[in-house]
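What follows is a set of notes on a single structure, which appears directly below.
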Amino acid sequence: MAEDNLRYLNHMLNEAKQGGGEDAIARQHEKGKQTARERLTKLLDANSFQELHALVTHHATDFGLADKTPLGDGVVTGWGTIGGRLVYVFAQDFTVMGGSLGAAHAAKIIKVQELALKTGSPLIGINDSGGARIQEGIQSLGGYAGIFLNNTLASGVIPQISVIMGPCAGGAVYSPALTDFVFMVEGTSNMFITGPQVVKAVTQEDVTFDQLGGAAVHTGKSGVAHFIAANEDECLAQVRKLVGYLPSNNLEDAPLVAVKEENTPDGAALNSLVPPSANEPYDMLKVIDLIVDKGSFFEVQKAIAGNILVGFARLDGTVVGIVANQPAVKAGALDIDASVKAARFVRFCDAFNIPLVTLVDVPGFMPGVAQEHGGIIRQGAKLIYAYCEATIPKLTVITRKAYGGAYIVMSSKEIRGDLNVAWPSAEIAVMGPEGAVNIIYRDQIDKSADPAALKAQLISEYQERFASPYMAASYGAIDAVIEPSQTRAVLINGLRMLVNKRESNPAKKHGTMPL
Ligand code: HXC
């Protein structure tokens with residue numbers, strides 16, 4: 001009898017592992033996609049996966065579903081480890097009824113969300129689904145609602161990561177959209193509210209799945225996704241890497257990594273990195289690489305708003321969030337996309353105790369009708385709001401331009417920057433020399449016998465007086481002017497000084513940030 005029991009159990013578990021069966025798995029592989037279980041094997045540490053609810057079935061009966069009750073109901077859930085640290089996972093199985101979501105499928109996801117939330121570990125969801133299971137109607141919609149609710153409740157408590165590895169359509173897109181980081185795979189993943197056929201019917205636009213909601217569109221244009229990978233294996237490796245930078249929850253610190261001597265960059269080249277002319281670009285990525293632990297900068301949202309760089313890095317093993325203007329793209333000006341990209345990143349770091357290092361070279365907010373009409377005022381305010389409310393350690397380095405409102409936004413002393421330093425090449429002023437002279441000396445220049453010569457002279461005078469860090473230093477708006485090569489040491493020291501920082505905002509239900 002005992003033997004029969006065991007045989008039956010193994011038969012059931014084996015059946016659950018077959019997913020949609022050989023043919024459906026072969027079709028999945030033909031598309032360059034893997035099964036839910038294959039993906040989880042690559043995502044998690046070897047032999048660490050513990051499955052939950054493998055024997056769940058749906059209990060729907062309409063439209064012939066009574067005869068179709070696959071074990072597991074099209075989603076594999078459970079927990080495992082990444083780099084030895086606990087994570088919770090769900091992976092939709094497209095080989096089972098197209099990974100469609102009915103009541104039982106949703107309940108499995110909801111249960112694993114709740115476990116992740118109450119035990120305080122990240123949740124990673126792999127999405128590959130035709131959306132709401134049409135045969136289950138409202139039950140499916142209720143299922144999504146429960147998932148969205150948990151996504152929202154878990155926001156800021158545990159890191160939530162969505163990996164799109166197939167279709168993700170209709171209202172289903174809103175679960176990933178509510179999470180912290182979205183990964184997509186080139187060629188095989190799409191996200192859209194309505195597909196190409198509906199688009200054609202409503203707006204008469206002809207568009208393919210990929211043009212409408214492929215990985216390149218969502219990482220480069222809409223900003224819905226944060227990471228793009230050439231294939232599934234590369235994508236899963238990126239997810240593992242990201243998890244290594246994140247704390248398990250909002251009450252813990254990100255993992256500290258011991259730094260080997262050979263991973264300490266030599267910052268000497270920083271002393272000559274900023275070009276003598278204020279209008280000449282340079283690559284802020286080089287600055288980052290010469291400051292942080294070698295090879296540790298992991299860029300987030302690389303494909304959009306290249307005028308601002310955001311990402312995680314380590315400084316003597318401590319995880320920090322980097323926000324840096326990139327003078328090599330649009331002179332580093334803050335536009336709508338850059339403001340929103342950076343605001344979201346700053347809020348993530350603040351929610352999860354990750355200190356922020358801000359590198360500033362910004363000529364101002366981007367001028368233009370499109371920017372004004374697109375709401376640069378409201379969108380830029382998001383970045384101010386994010387920095388102002390952030391209570392984690394905030395360290396700021398002004399490498400060159402810090403003009404006007406953009407100076408204030410980029411973690412200035414006045415909005416609670418904890419340690420603000422500037423390089424000798426810094427120019428901290430209301431605006432650049434030419435613009436300033438044009439405004440305050442317009443009359444004199446117009447009336448002058450030699451306007452060009454007078455203008456050049458006034459610009460040079462302005463530069464001498466304001467285009468330096470020393471005026472700001474004299475008012476205490478920066479804490480120190482430092483030799484660029486010393487930046488890493490100053491920041492590491494600053495992080496140690498701030499390790500016990502405690503700061504809180506006035507008690508409230510929540511703010512009303514300008515969304
Ligand atoms: C039930 C579904 C399904 C669904 C796919 N299947 N989507 N079953 N409900 N939503 C089933 C198919 O019937 C098929 O079953 C199997 O999954 C594989 O699907 P195929 O169509 O053969 O695969 P493929 O050709 O690769 O096309 C994939 C697809 C297509 C583009 C995703 O299946 C599709 O368009 N599905 C419907 C998408 C959709 O409109 N969903 C509703 C979105 S609205 P068999 O038995 O033949 O293998 C929504 C609302 C959520 O989700 C609201 C939340 C608030």
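Start at 1 and go down the list; that is how both ligands and their atoms are numbered. Only a predicted model underlies this, so the values are computations on that prediction, with no experimental measurement involved.
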May I ask you to say whether Arg347 pairs ionically with Asp350, meaning some side-chain N is under 4.0 Å from a carboxylate O?
no

As a test of the contact definition, would atom 22 (O) of ligand 1 count as having a protein heavy-atom neighbour under 4.0 Å?
no

Where ligand 1 meets Ala132 - atom numbers and elements under 4.0 angstrom, heavy-atom basis:
4 (C), 9 (N), 10 (N), 49 (C), 50 (C), 51 (C), 52 (O)

Looking at Phe348, Tyr245, Phe345, which hits ring-ring contact (aromatic ring centres under 6.0 Å, His included) with Phe181?
Phe348

Evaluation steps, side chain to side chain donor-acceptor pair (under 3.5 Å), between Asn231 and Glu186:
CA-CA 7 Å; Asn231 56 55; Glu186 267 175 84; over 6 Å; no

Tell me the protein heavy atom at minimum distance from atom 6 (N) of ligand 1, and give that distance in Å.
Met97 O, 3.9 Å

If you have a sec, work out which protein heavy atom is nearest atom 44 (S) of ligand 1 and how many Å separate them, to one decimal?
Gly170 CA, 4.2 Å

Please identify which atoms of ligand 1 are closer than 4.0 Å to at least one heavy atom of Lys31.
26 (O)

Give the atoms of ligand 1, by number and element, whose distance to some non-hydrogen atom of Arg133 is under 4.0 Å.
1 (C), 9 (N)

May I ask you to list the atoms of ligand 1 that are less than 4.0 angstrom from any heavy atom of Gln135?
1 (C), 9 (N)

When only distance counts, is Lys68 in polar contact with ligand 1, meaning an N/O pair under 3.5 Å?
yes

Looking at atom 31 (C) of ligand 1, tell me if a protein heavy atom falls under 4.0 Å from it.
no

Find all atoms of ligand 1 within a distance of less than 4.0 Å from any non-hydrogen atom belonging to Leu141, and give their numbers and elements.
53 (C)

Do side-chain atoms of Gln113 reach the backbone of Ile147 as a donor and acceptor pair under 3.5 angstrom?
yes

Is Lys108 salt-bridged to Asp73, cutoff N-O under 4.0 Å?
no

Just jot down the ligand 1 atoms closer than 4.0 angstrom to any heavy atom of Ala169, in number order.
52 (O)

CG of Asn10: more than 12 outside heavy atoms within 6.0 angstrom?
yes

Where the side chain of His105 meets the backbone of His58, is there a donor-acceptor pair that is under 3.5 Å apart?
no

Less than 4.0 Å from atom 26 (O) of ligand 1, is there any heavy atom belonging to the protein?
yes

Heavy-atom contact under 4.0 Å between Phe94 and ligand 1?
yes

Could you walk me through whether Lys241 and Gln238 satisfy the side chain to side chain donor-acceptor pair (under 3.5 Å) test, starting with their C-alpha distance in whole Å, then the side-chain angles of each, then the deciding distance to 0.1 Å, before giving a yes or no?
CA-CA 5 Å; Lys241 187 169 178 184; Gln238 282 180 7; over 6 Å; no

Could you go through Phe312 and Phe298, starting from their C-alpha distance and side-chain angles, then the distance that decides it, and tell me whether this counts as ring-ring contact (aromatic ring centres under 6.0 Å, His included)?
CA-CA 5 Å; Phe312 300 104; Phe298 184 50; 7.3 Å; no

Can you tell me if NZ on Lys302 sees more than 12 non-hydrogen neighbours from other groups inside 6.0 Å?
no

Output yes when a side-chain donor or acceptor of Gln135 lies under 3.5 Å from a complementary backbone atom of Gly64, and no otherwise.
no

How far is atom 43 (C) of ligand 1 from its nearest protein heavy atom, and which residue and atom is that?
Gly130 O, 4.2 Å

Carboxylate-amine/guanidinium contact Asp93 Arg37, below 4.0 Å:
no

Taking only non-hydrogen atoms of Tyr144 and a 4.0 Å limit, the atoms of ligand 1 in range are 51 (C), 54 (C)

Flag atom 13 (O) of ligand 1 as yes if some protein heavy-atom distance to it falls below 4.0 Å, otherwise no.
no

Any protein heavy atom lying closer than 4.0 Å to atom 41 (N) of ligand 1?
yes

Just need the protein heavy atom nearest to atom 9 (N) of ligand 1, so name the residue and atom and give the distance.
Ile134 N, 3.1 Å

Would a 4.0 Å cut-off, counted as strictly less than, catch a protein heavy atom around atom 34 (C) of ligand 1?
no

Would you say atom 52 (O) of ligand 1 touches the protein, meaning some protein heavy atom is under 4.0 Å from it?
yes

Taking atom 16 (C) of ligand 1 as the reference point, the nearest protein heavy atom with its distance:
Gly98 N, 3.7 Å

Test: Arg7 and Glu3 ion pair at under 4.0 Å:
yes

Thr81 side-chain N/O to Gly83 backbone N/O, donor-acceptor pair under 3.5 Å
no

Can you find an N/O atom of Ala172 closer than 3.5 Å to an N/O atom of ligand 1?
no

Near Ser100 (heavy-atom distance under 4.0 Å), the atoms of ligand 1 are 1 (C), 3 (C), 4 (C), 8 (N), 9 (N)

Flag if over 12 foreign heavy atoms under 6.0 Å of CZ, Phe148:
yes

Protein heavy atoms: any of them under 4.0 Å from atom 46 (O) of ligand 1?
yes

Return the closest protein heavy atom for atom 48 (O) of ligand 1 as residue, atom name and distance.
Arg27 NH2, 4.5 Å

